[in-house]
Amino acid sequence: MEDLVEELRKSLKQVLVYLQKEDLALIEKAYEYASYAHSYQLRASGEPYLVHCVSVAKNLAELKIDPATITAALLHDILEDTLVTEHELIKEFGEEVVSLVKGVTKLNKYQFQDNITEQAENWRKMLLAVVKDIRVIIIKLADRLHNMRTIKFLAPDKQKSISQESLTLYAPFAHRLGIYKWKSELEDLAFEILHPQQYNTIRTQWQKRAESNTENLKEVEEQLKEKLAGTKFPCRISARPKNLYGIYKKMERQNKPFSAIEDLFGLRIITDTVENCYAILSIINSNFKLVEGSFTDYINLPKSNMYQSLHMTIISDKGVIVETQVRTEEMHSRAEYGIAAHWRYKKRVEAIKSIKEDAKDSVTEDRLDWLKKFLEWQRETTDSKEFLTTLKTECDFEQIFVFTPKKKVIKLPYGATALDFAYAVHSDIGDTCMGAKVNDKMVPIDTKLKTGDVCEILVRKNIKPSKNWLEFAITAQARSRIRRYLREHPKKEI
Ligand code: MN
């Protein structure tokens with residue numbers, strides 16, 4: 001057991017090489033402190049409790065996050081589980097670290113609830129805490145990730161309820177923050193617990209396909225390399241598997257068997273600049289056929305979580321179909337680590353000086369903007385189920401991009417209707433929406449939109465929101481506005 005802790009400590013140190021000496025000293029001190037404070041405590045796995053603290057810190061170190069967050073991660077359960085007081089902790093580690101630890105401790109009070117009302121209330125409180133300091137929820141996600149990795153030591157019913165919450169809320173939340181790596185892992189871990197049979201079937205089939213597919217993929221990769229070798233664009237190509245839960249969802253959504261899912265593997269081309277992304281695109285275009293309609297430019301139109309890449313599905317000479325992404329190193333880092341990647345690309349000195357300012361920094365601000373709006377919209381919602389479903393819709397989206405007649409882009413969640421679009425343009429337009437013209441065709445307001453549609457909303461003054469609108473409005477913005485109207489204008493009983 002001692003060896004295990006020592007090994008973990010070493011591997012944490014290895015990940016932390018991006019930090020400077022004085023930061024490492026504080027982290028080292030937190031390690032010793034946690035080791036002492038938790039010394040008699042064990043995990044459900046029988047391992048020393050410290051294993052958990054170090055693992056959470058290591059998850060965060062992999063995001064190359066700021067030193068205060070790593071220090072807080074090592075100490076994150078200390079106020080809750082040991083006799084150490086807040087006062088003592090401030091004396092040793094300072095206000096910033098302790099406020100993070102306190103934030104996480106507070107979140108822990110909102111433990112998982114089967115009761116939907118309490119669960120909604122917990123999430124509402126959690127989100128309010130997140131708006132204050134995003135790092136608190138990032139520590140919480142790292143904590144949840146380690147708890148999910150070790151979930152098999154818990155009682156079966158607990159495994160199920162924690163997995164359910166991870167799948168429906170934590171994973172989407174990680175997705176919304178753009179931490180794709182954690183999102184996929186949380187999903188697959190929860191998927192295994194909740195649907196063991198489907199999980200195992202897909203995994204077995206996936207492995208079989210992987211073996212037979214490697215050759216095809218290699219061939220396309222070679223072809224690509226050959227075409228790019230003669231150019232001056234620096235790039236690296238890597239293969240990219242889809243996560244198992246993603247495959248399962250796709251099978252469900254498209255009602256297809258595993259054998260009909262084409263894009264299990266893809267290729268990713270990573271280069272240095274945006275210009276070179278487009279240069280590589282043009283090389284691909286002149287050497288490969290693309291599947292019609294498969295090209296999406298997420299560089300010009302980033303997703304709300306700031307994801308950027310060029311997407312296309314190419315067909316090789318031999319007819320092999322491969323989903324391909326082209327992006328820069330920075331986009332790649334952001335795609336994998338999301339909001340946390342922000343710290344990676346700051347200059348070292350700056351990063352150390354301005355951790356506090358980071359919270360106010362415009363990139364972070366952008367990413368939290370949706371959350372602030374969401375909480376604003378949901379302030380009056382007393383319906384817990386409504387709160388949780390709209391939170392899920394807002395987080396867990398395939399996004400679509402729809403244009404106004406003046407070519408302004410409106411981002412909407414997958415499944416959004418013309419009415420959602422109307423509310424996204426302006427709430428008054430939503431309230432008086434009578435129909436829409438999509439790509440110059442008249443359509444009813446419950447029409448589902450898709451990327452690339454040009455949508456014009458038709459309004460009429462005497463139109464008022466009605467209850468049945470809730471059957472097809474899916475965005476938080478539209479739903480809260482409609483509900484408010486209905487509340488303020490109750491139907492007169494006859
Ligand atoms: Mn913990």
Side-chain angles (χ1 to χ4, degrees), residues 1 4-5 8-9 11-12 15 27 30-63 65-86 89 92-93 97-113 119 122-123 125-126 129-130 133-155 158-159 161-167 169-171 173-174 177 179 181-183 185-186 189-190 193 340:
M1 282 303 177
L4 177 64
V5 176
L8 259 174
R9 179 193 202 161
S11 72
L12 173 63
V15 189
I27 291 169
Y31 176 89
E32 295 298 339
Y33 202 88
S35 157
Y36 181 72
H38 289 291
S39 54
Y40 295 105
Q41 218 183 335
L42 294 179
R43 291 273 291 173
S45 60
E47 290 168 353
Y49 201 84
L50 192 63
V51 168
H52 173 64
C53 310
V54 181
S55 302
V56 174
K58 202 182 148 199
N59 288 343
L60 288 158
E62 275 157 13
L63 304 188
I65 209 161
D66 66 294
T69 309
I70 310 271
T71 312
L74 285 166
L75 303 169
H76 80 273
D77 280 326
I78 230 167
L79 289 178
E80 203 176 354
D81 294 346
T82 75
L83 296 173
V84 174
T85 65
E86 191 186 324
L89 215 55
E92 297 290 332
F93 297 99
V97 169
V98 178
S99 93
L100 289 170
V101 175
K102 265 171 67 188
V104 180
T105 310
K106 221 169 165 188
L107 295 193
N108 283 345
K109 288 212 184 87
Y110 314 134
Q111 281 301 353
F112 177 80
Q113 294 292 340
Q119 198 187 3
N122 286 350
W123 271 87
K125 285 181 195 150
M126 284 223 319
V130 171
D133 192 336
I134 185 81
R135 293 176 295 174
V136 170
I137 191 83
I138 298 181
I139 298 175
K140 183 70 196 169
L141 284 168
D143 177 58
R144 177 54 65 105
L145 185 60
H146 184 247
N147 287 337
M148 283 300 296
R149 283 177 184 162
T150 50
I151 199 165
K152 293 206 167 135
F153 298 101
L154 300 182
K158 219 155 181 208
Q159 289 188 24
S161 57
I162 292 175
S163 296
Q164 191 61 53
E165 192 192 28
S166 299
L167 190 64
L169 291 163
Y170 281 96
F173 208 85
L177 294 179
I179 312 176
K181 261 195 130 122
W182 292 4
K183 175 232 170 206
E185 193 181 342
L186 281 171
L189 288 166
I193 301 289

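Atoms within a ligand are numbered from 1 in the order they appear, just like the ligands themselves.
At distances below 3.5 Å, not a single donor-acceptor pair connects side-chain atoms of Ser35 with backbone N or O atoms of Tyr31.
For the pair Asp66 and Arg135, the minimum side-chain heavy-atom distance is below 4.5 Å. You'll find the side chain of Leu74 stays beyond 4.5 Å of the side chain of Tyr33, heavy atoms only.
Gln159 pairs by the side chain to side chain donor-acceptor pair (under 3.5 Å) definition with nothing, not counting sequence neighbours. With sequence neighbours excluded, the residues that form a side chain to side chain donor-acceptor pair (under 3.5 Å) with Lys102 are Glu86. Taking the ring-ring contact (aromatic ring centres under 6.0 Å, His included) definition, one finds that His146 meets it with His52, sequence neighbours left out.
The Mn ion (ligand 1) has His52 NE2, His76 NE2, Asp77 OD2, Asp143 OD1 as its protein N, O or S neighbours under 2.8 Å.
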